[in-house]
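As the structure is a prediction and not an experimental result, all values here were calculated from the model. Naming: A, B, ... by sequence-line order, numbering from 1 per chain.
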Amino acid sequence: MKRTHRCAEVTAEDVGKEIVVMGWAHKRRDLGGVIFIDLRDRSGVLQVVFNIENDSALHAKAEQIRSEYVLAVRGVLVNRSEDTVNPAIATGKWELVAKELRILSKAATPPLLIEEDIDTNEAVRLKYRFLDLRRPDMQRNIMLRHKITKIARDYFDEQGFLEIETPILMKSTPEGARDYLVPSRVHPGKFYALPQSPQLFKQILMVSGFDRYFQIARCFRDEDLRSDRQPEFTQIDLEMSFVDVDDVIAVNEGFLKRAFDEVLGIKLETPFTRLTYREAMDRFGTDKPDTRFGLELVNLSDIVRDSGFKVFSDAVSKGGSVRAVNAKGCGYKFSRREIDALVEFAKSYGAKGMAWISIEEDGLKSAITKFMSEDEINRIIKRMDAEPGDLICFIADTDEIVFEVLGRLRLEIAEKLDLIDDSKVNLLWVTEFPLLEYDDEEKRWVAKHHPFTSPMDEDIGLLDTDPGKVRAKAYDIVMNGVEIGGGSIRIHDQELQKKMFSIIGLPEEEAQKRFGFLLEAFKYGTPPHGGLAFGLDRLVMLMAKRNSIRDVIAFPKVQNASCLMTGAPDSVEIKQLRELHIRVLEAD
RNA sequence: GGCCCAGUAGUUCAGUCGGUUUAGAACGCUAGCCUGUCACGCUAGAGGUCGAGGGUUCGAGUCCCUUCUGGGUCGCCA
């Protein structure tokens with residue numbers, strides 16, 4: 001028998017024809033003289049009928065069918081009688097009257113239900129991933145992922161990009177995440193590193209004149225996992241020559257526009273909103289704002305500069321700030337206990353406390369108003385646009401902590417008030433990131449993006465005088481409060497590149513040792529260039545409306561970076577270690 | 001590395017104040033019956049190291065300690 005159709009790909013045209021379908025026995029309904037089998041493949045299900053009156057031998061064979069047996073069925077597709085049509089399934093108008101059955105494979109009882117939206121513990125799902133992946137929602141996720149990568153290949157090809165592979169075994173470079181290392185057999189004591197991204201190679205491809213490069217690139221970072229972080233993940237990685245920020249942004253908006261249209265039927269308006277880093281922080285307290293709801297941060301530092309409430313005035317005089325959000329309606333909605341929980345929430349992100357004022361019809365409820373003047377309070381209420389029923393939450397500290405805490409608080413309150421409209425797609429660019437940030441522990445400047453990011457032309461002069469103020473030609477693309485991609489225009493001038501290395505405290509010698517090949521390449525004629533990388537897993541996760549990238553990766557790893565299905569990582573033979581010149585130390 | 005949550009049948013869960021002979025339910029599974037089901041139905045049945053180890057107690061699924069596993073989160077993630 002040769003398959004003629006996928007189960008759910010039959011059409012009205014096929015009615016009356018003899019067809020052959022193959023798949024898994026999804027459900028069996030044995031009514032005695034008639035047996036119904038829902039046969040499932042990746043397209044969906046089709047009901048197959050075995051009737052004892054038509055063929056008693058065939059019917060007897062069908063009695064052996066159990067869940068998840070793999071079957072081949074030859075039969076005639078017929079219209080169901082009107083009263084037996086099932087509108088719940090795509091093929092519900094038809095059924096296959098079996099003429100021949102082959103049991104291609106028997107199956108043990110599966111440890112999890114092959115059904116949509118099961119409630120099963122993720123450990124079970126991951127151990128039996130081959131079964132989990134049979135479930136229709138997982139099949140949809142994986143197919144969605146395929147569609148998105150297909151669109152990426154088509155789109156970037158049409159835009160003149162070349163897909164070029166870069167090495168998986170490469171050289172460890174300083175800065176950034178912890179590397180995965182691969183020992184060299186040929187070079188005792190030396191190691192390859194798996195790429196955290198193809199960054200250096202794609203820049204070198206620009207030096208080589210390929211002009212526009214892209215790749216669906218696997219990347220590796222040996223850091224702790226989260227629901228949106230895996231030790232190996234995939235980027236849609238690209239780089240372009242002779243461009244500036246706007247060019248990179250435009251070509252990528254084109255990609256997203258097309259992907260959302262073709263995959264989800266969502267028409268995106270371009271250009272997307274752009275926020276500078278400064279504005280994003282001021283208004284939302286984060287560089288990846290979710291602007292599907294309001295609750296914006298308000299700066300009150302000028303009002304409380306000389307406040308009788310020392311917590312406020314001290315924060316300002318020490319160079320920090322006092323900012324607040326107005327949780328509309330929460331004064332009435334939240335119990336004292338819930339407000340206390342918010343205070344604890346704020347503390348867990350580093351705030352020393354959280355002051356609040358609850359505005360009520362007949363006055364204010366607050367522990368801090370007694371320290372403040374009436375004028376001060378009135379100005380705060382006015383600026384916060386507060387009315388009875390509202391709850392103003394204040395954080396006073398360094399800007400860093402104020403933004404961190406209020407940004408988190410804003411999301412927490414929005415979630416509690418159910419302010420987030422899941423049907424909205426909120427895409428925006430954040431631009432003009434700081435080039436550098438100061439690392440208190442290491443007592444030096446570090447690159448916020450990476451050390452090849454170009455400063456903005458007008459800020460180059462500040463490199464020597466006030467490095468913290470220098471803005472970068474860097475941009476992130478943010479969807480619904482999740483960073484789904486980012487990139488920058490790179491430094492293509494070797495002198496400027498050397499300067500960058502020196503500012504971040506990377507000695508010339510060390511830079512030569514680690515990045516010498518790049519610096520060498522830059523000597524021979526480097527086009528201005530820049531690029532971007534999307535986190536494919538996160539993009540697919542959001543488009544599939546999932547909460548974890550594990551649901552859009554066929555074989556993900558769990559929190560301790562092991563694979564429950566294969567058992568990786570595992571110990572190896574001493575012989576293998578010897579070849580690699582490796583001895584394992586006793587665990588600490 | 002820190003903190004929080006969860007581990008009881010194949011799966012999802014219930015299990016009261018530590019005490020009622022043999023730890024229950026649903027789904028799944030097995031067998032029988034059943035000719036229009038699609039959450040098929042009916043009848044019967046099998047299925048348990050209560051994650052593991054230790055402790056308290058006359059008595060532990062239940063209380064205590066340790067540990068393992070999974071999830072979330074902080075740190076970490078240029």
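A:Q196 comes within 4.0 angstrom of no nucleic acid atom, judged by non-hydrogen atoms across all strands. Across all strands, A:V558 comes closer than 4.0 Å only to sugar-phosphate atoms, never to a base (heavy-atom distances). Heavy atoms of A:R125 sit nowhere under 4.0 angstrom from any nucleic acid atom. A:S227 comes within contact range of the sugar-phosphate backbone alone, with a heavy-atom separation under 4.0 Å but no base atom that close. Residue-level contact check: A:T84 touches the bases, meaning some heavy atom is under 4.0 Å from a base atom. Base engagement by A:E95 is indicated by at least one non-hydrogen atom pair under 4.0 Å involving a base atom. Within 4.0 Å of A:S67, counting heavy atoms only, lie sugar-phosphate atoms of the nucleic acid but no base atom. A:L564 comes within 4.0 angstrom of the backbone, heavy atoms only, and of no base. Using a 4.0 Å heavy-atom distance criterion, A:R66 is classed as a sugar-phosphate-only contact. Within 4.0 Å of A:D83, counting heavy atoms only, lies no atom of the nucleic acid at all.
A:Q235 and A:S197 are not linked by any side-chain donor-acceptor pair at a separation below 3.5 angstrom, with hydrogens and angles left out of the test. Looking only at atom types and distance, the side chain of A:D237 has a donor-acceptor partner in the side chain of A:Y213 under 3.5 Å away. Side-chain contact, A:R40 with A:Q139: no donor N or O sits under 3.5 Å from an acceptor N or O.
Nucleotides B:A23 and B:A60 are separated by 13 Å at their C1' atoms, to the nearest Å. Taking the C1' atoms as reference points, B:A26 lies 25 Å from B:G71, given to the whole Å. Remark: the separation of the C1' atoms in B:U56 and B:C65 is 10 Å, to the nearest Å. Rounded to whole Å, the separation between the C1' atoms of B:A25 and B:G48 comes to 14 Å. The C1' atoms of B:G24 and B:U69 are separated by 26 Å, rounded to the nearest whole Å. Between the C1' atoms of B:C13 and B:G55, the separation comes to 29 Å (whole Å). Taking the P atom of each, B:U8 and B:G75 are spaced 32 Å apart, rounded to whole Å. Comparing the C1' positions of B:C50 and B:U43 gives an interatomic distance of 31 Å, to the nearest angstrom.
Both distances falling under 3.5 Å, in either a Watson-Crick or a G-U wobble arrangement, place B:C3 opposite B:G72.
A donor-acceptor contact under 3.5 Å links the side chain of A:R226 to the base of B:G75. Taking only distance into account, the side chain of A:R221 never meets the base of B:C77 through a donor-acceptor pair shorter than 3.5 Å. In this model, no side-chain donor or acceptor of A:Q559 finds a partner on the base of B:U69 within 3.5 Å.
Side-chain N/O atoms of A:R550 include one lying less than 4.0 angstrom from OP1 or OP2 on B:G72.
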Short heteroatom pairs, N/O only, protein and nucleotides 40-46 of chain B, under 3.5 Å:
from	atom 1	to	atom 2	distance (Å)
B:C40	N4	A:D30	O	2.2

Nucleotide N/O to protein N/O under 3.5 Å, stretch nucleotides 11-15 of chain B:
from	atom 1	to	atom 2	distance (Å)
B:U11	O2'	A:T120	OG1	3.4
B:U12	OP1	A:N121	N	2.6

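Contact check for A:V76 versus A:L96: no side-chain heavy atoms found under the 4.5 Å cut-off.
Residue-to-nucleotide proximity on RNA chain B shows that, of A:A447 and A:K557, the 5′-proximal contact is made by A:K557.
Note on A:E412 versus A:K416: salt bridge recorded, some NZ/NE/NH1/NH2 to OD/OE distance being below 4.0 Å. A:E344 and A:K347 are joined by a salt bridge, as a carboxylate oxygen and a charged side-chain nitrogen come within less than 4.0 angstrom of each other.
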Exercise answer: donor-acceptor pairs, residues 109-116 of chain A side-chain atoms, under 3.5 Å, sequence neighbours excluded:
from	atom 1	to	atom 2	distance (Å)
A:E115	OE2	A:K27	NZ	3.4
A:E116	OE2	A:R140	NH1	3.4
A:E116	OE2	A:R140	NH2	2.5

Next item on the list: Start with the C-alpha gap between A:S502 and A:E508, add the side-chain angles, then the distance that decides, and say whether side-chain hydrogen bond (donor to acceptor under 3.5 Å, both in side chains) holds.
Entry: CA-CA 7 Å; A:S502 98; A:E508 172 91 34; over 6 Å; no
